[in-house]
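Note that the structure is a prediction, hence the values are computed from the model and not measured. Chain letters run A, B, ... following the sequence lines, proteins first, then strands; residues in each count from 1. Below, all heavy atoms of this structure are taken into account, side chains as well, without hydrogens, waters or symmetry copies.
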Number of protein chains: 4
Amino acid sequence: MATLTRSRRTVPRRSSGSPRRRSAEIIEAAARVFAERGYHGASTQDIAEVLGIRQASLYYYFASKEIALEQVCLRGVEGFVESAEAVAQGRGSAAEKIRALIHSHLQPIVDRGAYVKVFLRERHRLPDASRRKVGRMSRRYERIVQGILEHGVRTGEFRPDLDCRLATLALLGMCNAVPAWYGIEPRADIERIAREFGDLVVEGLSAGARAGARPRPGR
Amino acid sequence: MATLTRSRRTVPRRSSGSPRRRSAEIIEAAARVFAERGYHGASTQDIAEVLGIRQASLYYYFASKEIALEQVCLRGVEGFVESAEAVAQGRGSAAEKIRALIHSHLQPIVDRGAYVKVFLRERHRLPDASRRKVGRMSRRYERIVQGILEHGVRTGEFRPDLDCRLATLALLGMCNAVPAWYGIEPRADIERIAREFGDLVVEGLSAGARAGARPRPGR
Amino acid sequence: MATLTRSRRTVPRRSSGSPRRRSAEIIEAAARVFAERGYHGASTQDIAEVLGIRQASLYYYFASKEIALEQVCLRGVEGFVESAEAVAQGRGSAAEKIRALIHSHLQPIVDRGAYVKVFLRERHRLPDASRRKVGRMSRRYERIVQGILEHGVRTGEFRPDLDCRLATLALLGMCNAVPAWYGIEPRADIERIAREFGDLVVEGLSAGARAGARPRPGR
Amino acid sequence: MATLTRSRRTVPRRSSGSPRRRSAEIIEAAARVFAERGYHGASTQDIAEVLGIRQASLYYYFASKEIALEQVCLRGVEGFVESAEAVAQGRGSAAEKIRALIHSHLQPIVDRGAYVKVFLRERHRLPDASRRKVGRMSRRYERIVQGILEHGVRTGEFRPDLDCRLATLALLGMCNAVPAWYGIEPRADIERIAREFGDLVVEGLSAGARAGARPRPGR
DNA sequence: CATGAATGAGCATTCATTCAT
DNA sequence: GATGAATGAATGCTCATTCAT
């Protein structure tokens, strides 16, 4: 941050890997910094400092800060649609699918938390073109989830009065909040979280939930 | 951007009310701008533009951008602890309390969405002192919610194996995601959302949820 | 230029005039610096130094370096078309009009040499929109000049074989070169230059130039 | 701009000729780019792009951008003095010499327009040493031209009241404007331009120009 | 109350240049 | 011959903030 106080090149730490890898390291650093400070709150200087290189050197790897954000976001959404599709098209009851989906949704948070966090919180700051691109992927993902719920309703496995849209948003909201506290919260590993989230929600989706648990006045 | 080329003050909209009110208008504008652009993405210029005054004039009302954020955040948390306490100390079953809590949690999103949104997303950007202050309030709030759950477990109304900490985080995550889509999502009014969220979650909390809905291998 | 060696604020020289005047002073400085160093060769820092203010302060007066160039160029073309039109529509022989035109063309070089110089040499660096605007004015000017020549040909005052287009370009080229040496060249005042240029060219335009002065083989 | 996203070398166009030739190609590219964008407006990257090589590779051929400019400028002045000397020392009337000089002055604009253009417009950006060198050549050239005019005056072929200095500057200004529009202006080939310029100016130089063409009030 | 003018600090980005390979 | 990687220095520009009026 400070320019004058910065130690003049700590270590000329150069990754001994392939150029591909080096490029990935740069984006990794960007992801971490964006995740911590937010896109606008992070300076390219901050990123360079993490890497132990000069700020100008970053521009050898990406053309602009915006493009760095784009790359981070792209790696942040990566795989979500695919694994959701796999779940949706797999076998098992709708309830099992929801459980599986929660699990596969939470997995990337462990593997590449920074990317996912940035995608979730900073995607709105993307330039128009790429924002629309990742926006489309998000909507596609939501549609798959909602599809599982709607299928469950049609087969009678889920409540007929379920508002599938709201349930989808609730489910995703719940899951997407995880990066905010995962790693801080002790005893919260993914398996445990996924199980608990499943428990919490699957009953509420299910038909045959004990009537009377909720006052349904004149509905 | 341009200083001279920008149209000089669209409307000299000056509130004819009391100085108190004017001050509130300024913070309202800040809240709206912070909510839309993020704290770091918003400039004091943006705020001034919304108000139709000059950027320098803002400093008559607040001492710094950070303090403006602080005020917005304070109005963003305001009331949460109080209404949660009211719910917790009120009568009714734990399930009813959770439903009531969800409702009272969502209410401010309608009444002062921008403030809440900023509190939720930008509170981390606060300077240390005030961040700790609102942090304490958040944790107090969480403890009240968690208390309701724990009470429900103790009375046998909720599942004995409920992870109250995770359930709290899940519940709040679900609710706190609402500002992100409320207003965009058609047909999603607070009553409806609150009811659906309650339905979704209360069953999963409850004891007597049909065993077998989840494979509990060797548990 | 150098940032570290710059003396920290020589004199907080603030013009005591009106805001209008101050703004004009800024553009004047820009004109001088652009004229000397070229648009791309001049830094906003250079301009600020001339004014004895900080570089950032410039942006209170203009929105971008490009816009500063635009304003300089606009003041650079200013009046040319008008005075050429006045000459064209005035009374007198075509030869007299050419002499008058040369004179009125050279006048601004004395009055606002820097602006004209910048217009002549840097207009190509303008952003598209404004480049086209000043481009249109240039072409209009050329057409007026060429019109005088063509009229002279039609009335028989000028040679029937005169290539009016080339003559126009020659005339303007000759005149537009003046800023490059005016002020350096001793004994070259505008009156003198205008008279000499007129002498040089009017005879060549005129019909009745002694035949045989040029070998016209087989034409 | 982007380094990684830019298409990696369009065509690895490598001259199969001698190293001498390759070096000439590099300077040719520099000339073209400097001519189009100006010295300061052109980046070494721009030059590399024209050649289809990497920016760093340029430094195999020239030691610095300034030196590239120097080489371009040197090729830009090349031959002017020699051919002017040939004209001056040749046979024929002064008028014929002026016509010949115009012609030989315009010729290089066709053959190596970019170089000449850069010399004319960017020579001021040269570092001191080389600027003085080409400056000396320019002045030598001017002196030769002026010499022809003065000789013409002495022999009585040209007007006795001719201001040879101003006439020289006028003549060269006229000619040096050509690169700015040559190639854009239809029907303007060198022969034609040279003839027209000669016609335009030779009469004005000549003694015996009809008195009275210009009002010489009290002279 | 509000503003015009100005500024210090910082920021993303560009650029000429270097150098080991 | 040419390049990939990196860098120091600068550049245009933004921004929060100050202060006299």
With sequence neighbours excluded, residues passing side-chain hydrogen bond (donor to acceptor under 3.5 Å, both in side chains) with A:Arg75: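 Checked A:Arg75 against side-chain hydrogen bond (donor to acceptor under 3.5 Å, both in side chains); matches are A:Glu78.
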Residues forming a side-chain hydrogen bond (donor to acceptor under 3.5 Å, both in side chains) with C:Thr44, sequence neighbours excluded: C:Gln55
Touch class at under 4.0 angstrom, heavy-atom based, for A:Ser57 against every strand present: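 Base contact.
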Sugar-phosphate, base or nothing in reach of B:Ala42, heavy atoms under 4.0 Å: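 Touches sugar-phosphate only.
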Whole Å only: how far is the [atom1] atom of [X] from the [atom2] atom of [N]?
X       : N      : atom1 : atom2 : answer
A:Ile53 : F:dG4  : CD1   : P     : 17 Å
B:Phe34 : F:dC15 : CZ    : C1'   : 13 Å
D:Leu51 : F:dT3  : CG    : P     : 10 Å
A:Arg22 : F:dT3  : CZ    : P     : 22 Å
C:Leu58 : F:dT14 : CG    : P     : 13 Å
C:Leu69 : F:dT11 : CG    : P     : 17 Å
A:Asp46 : E:dG10 : CG    : C1'   : 11 Å
A:Ile47 : E:dC11 : CD1   : C1'   : 12 Å

A:Glu28: salt bridge (charged side-chain N to carboxylate O under 4.0 Å, His left out) partners, not counting sequence neighbours: A:Arg32
Where at least one partner belongs to residues 119-129 of chain A, residue pairs that pass salt bridge (charged side-chain N to carboxylate O under 4.0 Å, His left out), sequence neighbours excluded: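 Those involving residues 119-129 of chain A are A:Asp128-A:Arg131.
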Verdict with supporting geometry, B:Val72 and B:Phe119, side-chain contact (heavy atoms from CB on, under 4.5 Å): CA-CA 7 Å; B:Val72 171; B:Phe119 164 71; over 6 Å; no
Nearest-neighbour nucleotide for the B:Arg54 side chain, E:dT3, F:dC15, E:dA12 considered: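 Nearest listed nucleotide: E:dT3.
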Heavy-atom side-chain proximity of B:Ile27 to B:Tyr115 below 4.5 angstrom: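 Yes, side chains in contact.
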Nearest atoms (heavy-atom pairs only) where D:Val118 meets D:Ala31: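 Smallest heavy-atom distance, with atoms named: CG2-O, 3.5 Å.
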B:Ile47 versus B:Ala29, closest heavy-atom pair with distance: CG2-CB, 4.1 Å
DNA chain E stem ranges, 3 or more consecutive Watson-Crick or G-U pairs under 3.5 angstrom: E:2-21 with F:2-21
Stepwise side-chain contact (heavy atoms from CB on, under 4.5 Å) test for B:His40 and A:Tyr39: CA-CA 8 Å; B:His40 283 303; A:Tyr39 176 67; over 6 Å; no
What nitrogen or oxygen pairs link the protein and nucleotides 17-21 of chain F at under 3.5 Å?
from, atom 1, to, atom 2, distance (Å)
F:dT17, OP2, B:Tyr59, OH, 2.6
F:dT17, OP2, B:Lys65, N, 2.8

